[in-house]
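Sequence lines set the chain letters: A, B, ... in the order given, protein chains first and strands last, and positions in each chain run from 1.
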Protein chains: 2
Amino acid sequence: MSERVTLLTLARDLGVSRATVSNAYNRPDQLSADLRDRILARADQLGFAGPDPRARGLRSGRTGAVGVLIDQGLSYAFSDPTAVLYLDGLASELQSDGLGLLLHAGTGSKTDAELVRAAAVDAWVIRSLPDDEPAVAAALAQQRPMVVLDQPELPGVPLVGIDDADGAVAATQLLLDLGHRDIAVLAMPLRPDGFQGLVDAVRERYATYSVMRTRLCAVEQTLSAAGVDWGAVPVVECAVNDMDTGALGAYELLDRTPAPTAIIALSDQLALGALRAAHEMGVCVPGACSVVGFDDAPGVSTALPPLTTVAQPLRERGQVAGEIVRALLRGESVATPPRLPVSLVVRDSTGPPPR
Amino acid sequence: MSERVTLLTLARDLGVSRATVSNAYNRPDQLSADLRDRILARADQLGFAGPDPRARGLRSGRTGAVGVLIDQGLSYAFSDPTAVLYLDGLASELQSDGLGLLLHAGTGSKTDAELVRAAAVDAWVIRSLPDDEPAVAAALAQQRPMVVLDQPELPGVPLVGIDDADGAVAATQLLLDLGHRDIAVLAMPLRPDGFQGLVDAVRERYATYSVMRTRLCAVEQTLSAAGVDWGAVPVVECAVNDMDTGALGAYELLDRTPAPTAIIALSDQLALGALRAAHEMGVCVPGACSVVGFDDAPGVSTALPPLTTVAQPLRERGQVAGEIVRALLRGESVATPPRLPVSLVVRDSTGPPPR
DNA sequence: TTGAAAGCGGTACCAC
DNA sequence: GTGGTACCGCTTTCAA
């Protein structure tokens with residue numbers, strides 16, 4: 001008949017006070033090494049694994065876990081190389097403070113929000129969620145330290161981001177400079193509603209993924225400034241940011257008449273999909289159609305052809321977010337750092353238009 | 001001067017009891033819808049985000065998080081495709097019960113064990129750790145539901161695994177049947193001590209990664225049964241299970257005289273490294289040297305040449321582990337399921353030996 | 001349907 | 001160096 005062992009059990013057994021046992025675990029300097037050893041040894045015998053983490057959490061207010069809110073479910077996070085790199089960077093940074101990552105999905109459902117509300121974490125790191133995601137609101141309501149990566153922009157919350165507009169302008173300008181006028185755009189989801197297809201001006205303006213708003217807007221302005229009629233530029237939104245869906249979207253674009261001579265894909269996964277679609281349709285890249293991506297994800301430099309893209313520091317961004325969390329947890333106040341710079345990497349998927 | 005809002009604050013404010021407010025959140029059926037709405041509305045006004053997860057955790061004994069113990073640090077987990085698939089499967093399964101994943105690394109350090117000990121989770125899922133990993137012992141000491149994937153084998157803990165011996169035999173037999181006699185082995189770490197190079201019998205026998213022990217042993221027996229002298233079979237251990245390190249190990253093997261006509265790599269990452277090393281050394285695969293891998297990880301079917309390998313259900317394994325955790329958490333008792341079957345997938349990286 | 005009260009297991013301050 | 005003792009904020013019988 002083994003009773004549950006607690007500090008009190010142990011204290012009674014040893015004839016010391018509960019506080020002393022607690023100190024044996026948390027403040028070795030508060031008692032003699034000798035007594036401490038005796039306590040620890042006896043604890044071991046009794047199968048006491050140390051102070052209950054839940055109780056400790058309640059009392060101390062710290063859990064040792066940082067909540068990580070993931071877009072579109074955990075599966076997605078693990079399959080998108082840019083998300084994996086982010087997690088990698090974040091984890092490596094948090095590990096040095098002994099913090100674990102508590103992964104939760106934000107998929108727009110009430111349930112998610114409820115889970116977030118009930119999650120015992122010391123801080124939240126949020127990446128790439130829609131402006132109106134309920135799980136974000138739930139995290140915010142906990143009033144704990146918080147950092148956002150990319151989106152959504154939240155007042156008073158440090159945001160780690162890149163210069164999206166810059167990147168989009170650079171990609172667009174490259175195509176313009178090469179002489180392209182029939183340009184099409186392949187966009188990541190503008191809202192998490194599974195929509196796939198041509199986007200109209202309204203949907204574009206009210207995109208809840210703010211990064212997409214920013215990038216699209218930058219493309220529009222650059223094209224307009226060059227005299228290209230934005231109204232005539234086809235923008236296809238992909239329901240999921242992966243290669244397969246990107247290929248699907250690219251099919252639609254390449255099927256149009258006149259066919260575009262260049263595609264701006266707003267992520268590399270979509271760009272890779274476009275490369276595949278072009279290949280399958282017998283459209284030569286960059287001979288018949290140029291493709292430019294965004295991210296410089298792993299693997300795109302060895303794609304066929306190697307992808308021209310906008311490079312951003314994927315892993316480093318995660319680390320920066322981690323650093324900020326750590327600082328916040330130390331009680332420091334942190335302002336949003338300047339957006340990280342991006343750079344256009346020109347490879348072989350872009351060239352002058354045909355003829 | 002905003003005081004911290006708690007159930008009690010709210011209860012006083014509304015002139016009801018604390019229990020009623022609690023019920024408003026946890027047992028809607030225990031009070032009138034009307035009162036409940038009033039409570040929730042007022043909570044919102046006061047900026048009360050709901051019952052404190054830590055306190056709830058202490059009282060109810062549940063946290064809603066499953067601890068996931070990862071080999072070699074989180075970065076590694078995110079960069080190994082087989083690990084990512086496992087996490088994906090696991091996450092998808094746990095998500096349906098609203099459980100989050102709390103990731104922690106087990107890297108052999110005392111610190112890790114300490115963190116694990118202090119982690120507030122409802123259960124642990126452990127994957128591919130050495131027999132003597134302290135973090136495993138710490139998790140075990142918490143006396144919570146637990147599942148192991150692959151290794152270590154722990155008495156009384158359900159283990160989800162594959163038929164490693166079968167797989168290793170199949171790979172070895174294939175090479176024997178093709179006529180190979182000069183066979184070499186490229187192994188994943190046998191112990192987490194960073195050792196890289198030729199393995200002697202002692203190290204082999206005392207490997208703390210039991211899966212490696214099993215696979216090596218199966219290879220040995222198969223070769224011995226075919227009259228190949230195991231003492232003359234070079235086994236190179238790679239310090240890290242990734243392509244780069246695999247290439248390093250393969251260099252060492254291919255440099256030997258006589259050069260092996262076949263390499264059994266005990267993971268696909270190592271096999272991919274071997275392919276690269278062979279390519280860089282001008283060794284034709286499979287013309288001069290065959291390579292067989294293990295896992296059928298994503299991407300190996302499109303390697304150059306497509307890799308012959310032992311296929312195992314990578315994602316499904318994670319799901320199975322998740323199912324078991326869920327059952328355990330429901331209070332059901334679960335026995336170790338039969339090992340999942342593997343199958344040899346013959347592609348183009350294997351062929352008869354030269355001459 | 002609502003309220004009172006007994007813990008859950010620890011932590012940390014303060015006195016001895 | 002050690003012990004006494006208020007809480008931490010909530011859940012959950014049980015009785016009203």
Side-chain angles (χ1 to χ4, degrees), chain A residues 2-40 42-43 46-64 117-122 141-144, chain B residues 3-40 42-43 46-64 114 117-122 141-144:
Chain A
S2 83
E3 277 297 304
R4 192 153 181 33
V5 183
T6 73
L7 284 193
L8 188 56
T9 323
L10 202 52
R12 290 224 180 100
D13 179 284
L14 286 159
V16 299
S17 93
R18 197 167 42 158
T20 303
V21 180
S22 172
N23 283 334
Y25 285 95
N26 304 311
R27 311 192 157 183
D29 52 312
Q30 295 294 301
L31 70 172
S32 64
D34 193 52
L35 177 56
R36 174 159 193 264
D37 289 345
R38 241 175 52 230
I39 293 178
L40 263 33
R42 187 69 184 135
L46 294 175
F48 179 68
D52 182 318
R54 301 182 211 300
R56 184 213 284 273
L58 171 57
R59 181 65 236 212
S60 68
R62 285 237 171 165
T63 308
R117 203 191 59 54
V121 299
D122 295 339
Q142 285 195 355
Q143 315 232 54
R144 304 199 172 282
Chain B
E3 276 299 303
R4 192 153 180 34
V5 183
T6 73
L7 285 193
L8 188 57
T9 324
L10 202 52
R12 291 225 178 100
D13 179 283
L14 287 158
V16 300
S17 94
R18 197 166 41 160
T20 303
V21 180
S22 172
N23 283 333
Y25 285 95
N26 304 311
R27 314 191 155 181
D29 50 312
Q30 295 294 302
L31 70 174
S32 65
D34 191 52
L35 177 54
R36 174 159 194 265
D37 290 345
R38 240 174 53 227
I39 292 176
L40 264 32
R42 186 68 182 134
L46 294 174
F48 180 67
D52 182 319
R54 300 183 213 299
R56 184 214 287 269
L58 172 57
R59 183 64 238 222
S60 66
R62 285 236 172 166
T63 309
E114 193 46 42
R117 204 194 56 57
V121 300
D122 295 340
Q142 286 194 355
Q143 316 231 55
R144 305 196 172 284

Would you give me the side-chain donor-acceptor pairs under 3.5 Å for residues 29-37 of chain B, sequence neighbours excluded?
| unit_1 | atom_1 | unit_2 | atom_2 | d |
| --- | --- | --- | --- | --- |
| B:Ser32 | OG | B:Leu35 | N | 3.1 |
| B:Arg36 | NE | B:Ala24 | O | 2.6 |
| B:Arg36 | NH2 | B:Ala24 | O | 3.3 |

With a cut-off of 3.5 Å and sequence neighbours excluded, list every side-chain donor-acceptor pair involving residues 51-58 of chain B.
| unit_1 | atom_1 | unit_2 | atom_2 | d |
| --- | --- | --- | --- | --- |
| B:Asp52 | OD1 | B:Arg54 | N | 2.6 |
| B:Asp52 | OD1 | B:Ala55 | N | 3.4 |
| B:Arg54 | NE | A:Gly61 | O | 3.4 |
| B:Arg54 | NH1 | A:Thr63 | OG1 | 2.3 |
| B:Arg54 | NH2 | A:Gly61 | O | 3.1 |
| B:Arg54 | NH2 | A:Val121 | O | 3.3 |
| B:Arg56 | NH1 | B:Asn26 | OD1 | 3.0 |

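Residue A:Leu7 comes nearest to A:Phe48 through the heavy atom pair CD2-CZ, 3.8 Å, listed as atom of the first residue, atom of the second, then distance. Of all the heavy atoms in A:Ala43 and A:Leu10, the pair that sits closest is CB-CD2, 3.7 Å. For A:Tyr25 against A:Leu40, the heavy-atom pair with the smallest separation is CZ-CD1, 4.0 Å.
Put simply, CG on A:Asp13 and CZ on A:Arg42 are 4.0 Å apart, with the number rounded to the nearest 0.5 Å.
If you take CG of B:Leu14 and P of C:dG3, they are 10 Å apart, rounded to a whole angstrom. Here C:dA12 presents its P atom at 16 Å from OH of A:Tyr25, a figure rounded to the nearest Å. Rounded to an integer number of Å, the gap from B:Asn23 CG to C:dA4 C1' is 13 Å. What separates CD1 of B:Ile39 from C1' of C:dT1 is a distance of 11 Å, to the nearest Å.
Remark: side-chain polar atoms of A:Arg117 are paired, donor with acceptor, to backbone N or O of B:Ala49 under 3.5 angstrom.
Counting any heavy atom pair closer than 4.0 Å across all strands shown, B:Arg27 reaches sugar-phosphate atoms only and no base atom.
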Just the table, please: protein N/O against nucleotides 7-10 of chain D N/O, every pair under 3.5 Å.
| unit_1 | atom_1 | unit_2 | atom_2 | d |
| --- | --- | --- | --- | --- |
| D:dC7 | O2 | A:Arg59 | NH1 | 2.5 |
| D:dG9 | OP1 | B:Arg4 | NE | 3.1 |
| D:dC10 | OP1 | B:Asp52 | N | 3.1 |
| D:dC10 | OP2 | B:Leu7 | N | 2.7 |
| D:dC10 | N4 | B:Arg18 | NH1 | 2.6 |
| D:dC10 | N4 | B:Arg18 | NH2 | 3.2 |

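Evaluation of the side chain to side chain contact (heavy atoms under 4.5 Å, CB included) rule for A:Arg12 yields A:Leu8 as partners, not counting sequence neighbours.
The stretch residues 28-37 of chain B has no heavy atom under 4.0 Å from DNA chain D, so no residue of it qualifies as close.
Fit an axis to the five pairs at each end of the helix from C:dT1-D:dA16 to C:dC16-D:dG1 and the two axes sit 30° apart, to the nearest 10 degrees.
When each of A:Thr9, A:Thr6, A:Ile39 is paired with A:Val21, the side chain to side chain contact (heavy atoms under 4.5 Å, CB included) condition holds for A:Ile39 and for no other.
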